[in-house]
Amino acid sequence: MAARRHHYHVYVVELADQVWNVGRFRRANPEYQLGKPFVYVGMTGLDPDVRFDKHKAGIQANSFVRDYGLRLLPGLYAMYNPMPYEAARDMEVELGIALRAAGYGVWQA
């Protein structure tokens with residue numbers, strides 16, 4: 001049964017450049033470095049591909065992913081998955097902080 005506890009994932013979605021036109025996204029990213037990607041960082045108990053499809057379909061969706069989500073960026077998260085719930089919850093925050101520190105434009109729910 002231990003494997004069941006380790007079914008959570010962090011994931012990163014690339015967002016279209018147009019997200020920068022949204023004031024609350026800009027305000028959340030004062031240290032954004034021109035040319036770096038815009039991303040959404042989330043966590044889920046589902047496979048990240050399934051969760052991305054749900055966002056795009058408007059099911060429990062973050063509006064930035066629904067409206068601006070382009071693709072998953074597994075190179076930024078796959079090495080961490082899967083993990084227990086608490087680890088995923090913490091990793092979501094840590095990954096967002098790390099990407100912001102690297103100059104990315106980041107949104108987290």
Side-chain angles (χ1 to χ4, degrees):
M1 204 54 154
R4 183 72 188 136
R5 290 196 321 265
H6 293 78
H7 74 280
Y8 290 89
H9 300 83
V10 291
Y11 62 98
V12 179
V13 175
E14 182 180 2
L15 302 175
D17 291 346
Q18 291 81 0
V19 75
W20 193 243
N21 296 328
V22 180
R24 65 188 178 119
F25 190 92
R26 270 198 320 276
R27 285 189 297 277
N29 291 283
E31 305 296 317
Y32 172 71
Q33 294 176 15
L34 190 64
K36 295 283 186 152
F38 300 111
V39 297
Y40 172 87
V41 179
M43 67 154 289
T44 182
L46 302 171
D47 179 277
D49 290 314
V50 172
R51 184 65 187 105
F52 178 70
D53 291 345
K54 286 182 175 252
H55 276 296
K56 294 305 286 182
I59 301 166
Q60 295 175 317
N62 174 274
S63 61
F64 288 130
V65 180
R66 184 192 64 223
D67 298 344
Y68 303 103
L70 300 175
R71 66 188 65 82
L72 289 166
L73 297 174
L76 296 177
Y77 64 83
M79 70 288 272
Y80 305 118
N81 295 329
M83 63 185 98
Y85 176 81
E86 294 80 14
R89 189 183 60 212
D90 293 344
M91 180 54 72
E92 176 190 5
V93 173
E94 294 300 318
L95 188 54
I97 290 169
L99 292 173
R100 259 204 192 95
Y104 285 60
V106 178
W107 190 264
Q108 288 179 289

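Heads up: numbering here begins at 1 and tracks the sequence. The figures that follow rest on heavy atoms only: side chains count, while hydrogens, waters and symmetry mates do not.
The aromatic ring centroids of Tyr32 and Phe38 lie less than 6.0 Å from each other. Checked against the 6.0 Å centroid criterion, the rings of His55 and Tyr40 qualify as a close aromatic pair. Between Phe64 and Phe25, the ring centre distance stays below 6.0 Å.
In terms of modelled atom types and a separation under 3.5 Å, the side chain of Lys56 and the main chain of Gly69 share a donor-acceptor contact. For Gln33 (side chain) and Tyr104 (main-chain N/O), no donor-acceptor pair under 3.5 Å exists by modelled atom type. With hydrogens and angles disregarded, a donor-acceptor distance shorter than 3.5 Å links the side chain of Lys36 to the backbone of Ala102. Not one N or O on the side chain of Asn29 forms a donor-acceptor pair closer than 3.5 Å with the backbone of Arg100.
Hydrophobic cluster membership of Val50, counting Ile, Leu, Val, Met, Phe, Trp and Tyr whose side-chain heavy atoms lie under 4.5 Å apart directly or via other members: Leu46.
Summarising the geometry, atom CG belonging to Leu95 is positioned 6.0 Å from atom OH belonging to Tyr80; distances are rounded to the nearest 0.5 Å. Note: Trp107 CH2 to Leu15 CG = 11.0 Å, rounded to the nearest 0.5 Å.
With sequence neighbours left out, Arg71 forms a salt bridge (Lys or Arg N to Asp or Glu O under 4.0 Å) with Glu14. With sequence neighbours excluded, the residues forming a side chain to side chain contact (heavy atoms under 4.5 Å, CB included) with Gln60 are Arg51, listed by chain and number.
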Decide yes or no on side-chain contact (heavy atoms from CB on, under 4.5 Å) for Val39 and Leu99, but give the supporting numbers first.
CA-CA 9 Å; Val39 297; Leu99 292 173; 4.1 Å; yes

Checking His9 against Met43 for the side-chain contact (heavy atoms from CB on, under 4.5 Å) test, could you report, in this order, the C-alpha distance in whole Å, the side-chain angles of both residues, the deciding distance, and whether it holds?
CA-CA 5 Å; His9 300 83; Met43 67 154 289; over 6 Å; no

Thr44/Tyr8 under side-chain contact (heavy atoms from CB on, under 4.5 Å): CA gap, chis, key distance, verdict:
CA-CA 6 Å; Thr44 182; Tyr8 290 89; over 6 Å; no

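Between the side chains of Tyr85 and His6, no donor N or O sits under 3.5 Å from an acceptor N or O.
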